[in-house]
Structure formats: C-alpha cells, structure tokens
Amino acid sequence: MSPLNKEQLEQIRVERKQQIKQAALKVFAQEGFAGTKTSMIASNAGISEGLIYKYFRSKDELYSEIIEELIEHANNNFREINNLPGTPFEQIKVLTEGMLDRNNKYAFMLILKAQRDKDIPGKSRQMLKQHFDNALIDQLIPIFVKGQELGEFVKGDPQKILSWYLYIINSLIMQDVWEEQYAMPTVEMLMRFLSK
C-alpha cells in the first residue's frame with residue numbers, strides 16, 4: 001500500500017475535524033458547555049479523547065469554533081430571508097420549517113442554550129451578543145409588516161407577535177420532543193398563530 005499524499009492527508013484531517021465538531025455540537029447542545037467533558041465528545045465521535053487535542057487546543061477552542069460557524073451560517077441565512085420565493089407567509093413558513101428540521105435541531109438548541117449560559121468562553125459570549133440580540137426579529141419585521149399589509153398576518157405590533165412566535169418555536173426546540181408521536185405540532189399549526 002502506497003503512502004498517502006499531501007492532499008489525501010489534508011482531506012482526512014478536514015473530515016476528522018468535522019467529525020469531532022459534529023459530535024461536540026450534539027453533546028454541547030444536550031449537556032451545555034459546563035456539563036460537557038471531552039471524553040463525552042470522544043465517545044460520541046467514536047474516537048480517543050486524545051485525538052480531540054490533535055485538532056483543538058482546548059474544549060473552549062472547540063466550543064468557540066462551533067459557535068463561530070453557527071453564527072456565520074445563521075447570518076448568511078438571515079440575509080437570504082428576503083430573497084426567499086413566495087409571499088411573506090410562505091417565506092416565514094420556510095424559515096419555520098428550517099428551524100424545526102431535525103437536521104438543524106442541535107445547532108438551534110446549542111445557540112439557545114449558549115445565549116443563557118453564563119459559563120461559556122468569553123469569546124463565544126461576545127460573538128453571540130454581537131450577532132444574535134434580536135437579529136432574527138429585526139430581519140423578519142419588514143417581511144411580517146408586508147404580510148400584514150397583504151392581509152396574510154394578524155394585526156398588531158410586529159415585534160411582539162414575532163417575539164411570541166419565536167418563543168414558541170424556541171421552546172419546542174429546547175423541549176427535545178422530536179421523537180414523540182404527538183409532541184411536535186406541524187408547521188401549518190404553528191403558522192396559524194401568525195395568520196389572519
């Protein structure tokens with residue numbers, strides 16, 4: 001068997017780092033920063049604990065890198081909200097579907113926990129404060145107002161209505177009710193809260 005070339009080694013390194021981050025995302029989301037040990041992440045990733053330190057200097061660095069990537073991804077999605085096809089109702093419905101998608105569960109759960117967690121690394125706390133204080137609501141208000149003007153959404157203060165709506169969505173994400181047959185309402189049912 002011939003030795004691996006530089007590109008193959010780099011590809012393995014990238015894949016292994018991603019594997020660690022995916023496992024860490026799930027464990028951090030479920031256990032919080034303080035409740036997570038690197039041994040738990042290693043077990044979830046199916047690797048030795050020492051291998052984590054080959055890619056990350058510390059648990060803090062791993063956590064901060066995950067938070068930074070989630071913020072970057074969220075900011076890109078927030079900027080695209082206005083470019084979604086369809087009416088304001090359809091745009092917010094697509095956003096809601098994305099937030100409740102099983103594949104996004106741990107990302108949203110981690111961000112929600114991190115926003116309330118006092119024990120997270122300072123760098124992560126600073127990034128969250130800078131990028132998430134009312135960011136989603138601020139992006140949704142013009143869409144919601146347009147939907148109100150079109151008669152798609154209930155009348156009332158857009159900031160309050162969207163805050164209540166997102167509180168419901170966030171509560172569902174945090175409840176970890178995804179596996180129970182009747183626990184998770186449909187997106188259509190949730191959208192009735194906003195509908196006229």
For the backbone of Met99 and the side chain of Asn104, can you confirm whether one donor and one acceptor N or O come within less than 3.5 Å of each other?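 Between the backbone of Met99 and the side chain of Asn104 there is no qualifying donor-acceptor contact (under 3.5 Å).
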
Are side-chain heavy atoms of [X] and [Y] found at a separation under 4.5 Å?
X      : Y      : value
Pro185 : Leu172 : yes
Gln18  : Gln22  : yes
Pro85  : Glu90  : no
Glu97  : Lys93  : yes
Ile111 : Tyr106 : no
Leu95  : Leu140 : yes
Arg116 : Met174 : yes

Show the numbers, then the answer: is there a salt bridge (charged side-chain N to carboxylate O under 4.0 Å, His left out) between Glu61 and Lys123? CA-CA 9 Å; Glu61 181 183 276; Lys123 179 181 179 186; over 6 Å; no

Sequence neighbours left out, what passes side chain to side chain contact (heavy atoms under 4.5 Å, CB included) with Ser43? Give chain and number order.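 With neighbours one apart ignored, the set is empty.
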
Test of understanding: with side chain to side chain contact (heavy atoms under 4.5 Å, CB included), list the residues that count as partners of Lys6, not counting sequence neighbours. none

For a quick test of reading the model, state the closest non-hydrogen atom pair linking [X] to [Y] and the distance between them.
X      : Y      : value
Leu128 : Ala114 : CD1-CB, 3.4 Å
Ser195 : Val154 : O-CG1, 2.9 Å
Ile143 : Gln91  : CG2-OE1, 3.4 Å

List the residues meeting ring pair (Phe, Tyr, Trp, His ring centres under 6.0 Å) with Phe108, not counting sequence neighbours, and say none if there are none.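 Once residues adjacent in sequence are excluded, Phe108 has no partner under the ring pair (Phe, Tyr, Trp, His ring centres under 6.0 Å) criterion.
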
When you measure from the centre of the six-membered ring of Phe28, is the NZ or CZ of Lys113 under 6.0 Å away and within 45° of the axis? no

Same cluster or not: are Val94 and Leu190 linked, directly or through other Ile, Leu, Val, Met, Phe, Trp or Tyr residues, by side-chain heavy atoms under 4.5 angstrom apart?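 Looking at the clustering, Leu190 is in a separate group from Val94.
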
Regarding Glu49 and Ser39, is there a side-chain donor-to-acceptor distance under 3.5 Å anywhere? no

Under 3.5 Å, is there a donor on one side chain and an acceptor on the other for Thr96 and Tyr165?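 Indeed, the side chains of Thr96 and Tyr165 share at least one donor-acceptor pair under 3.5 Å.
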
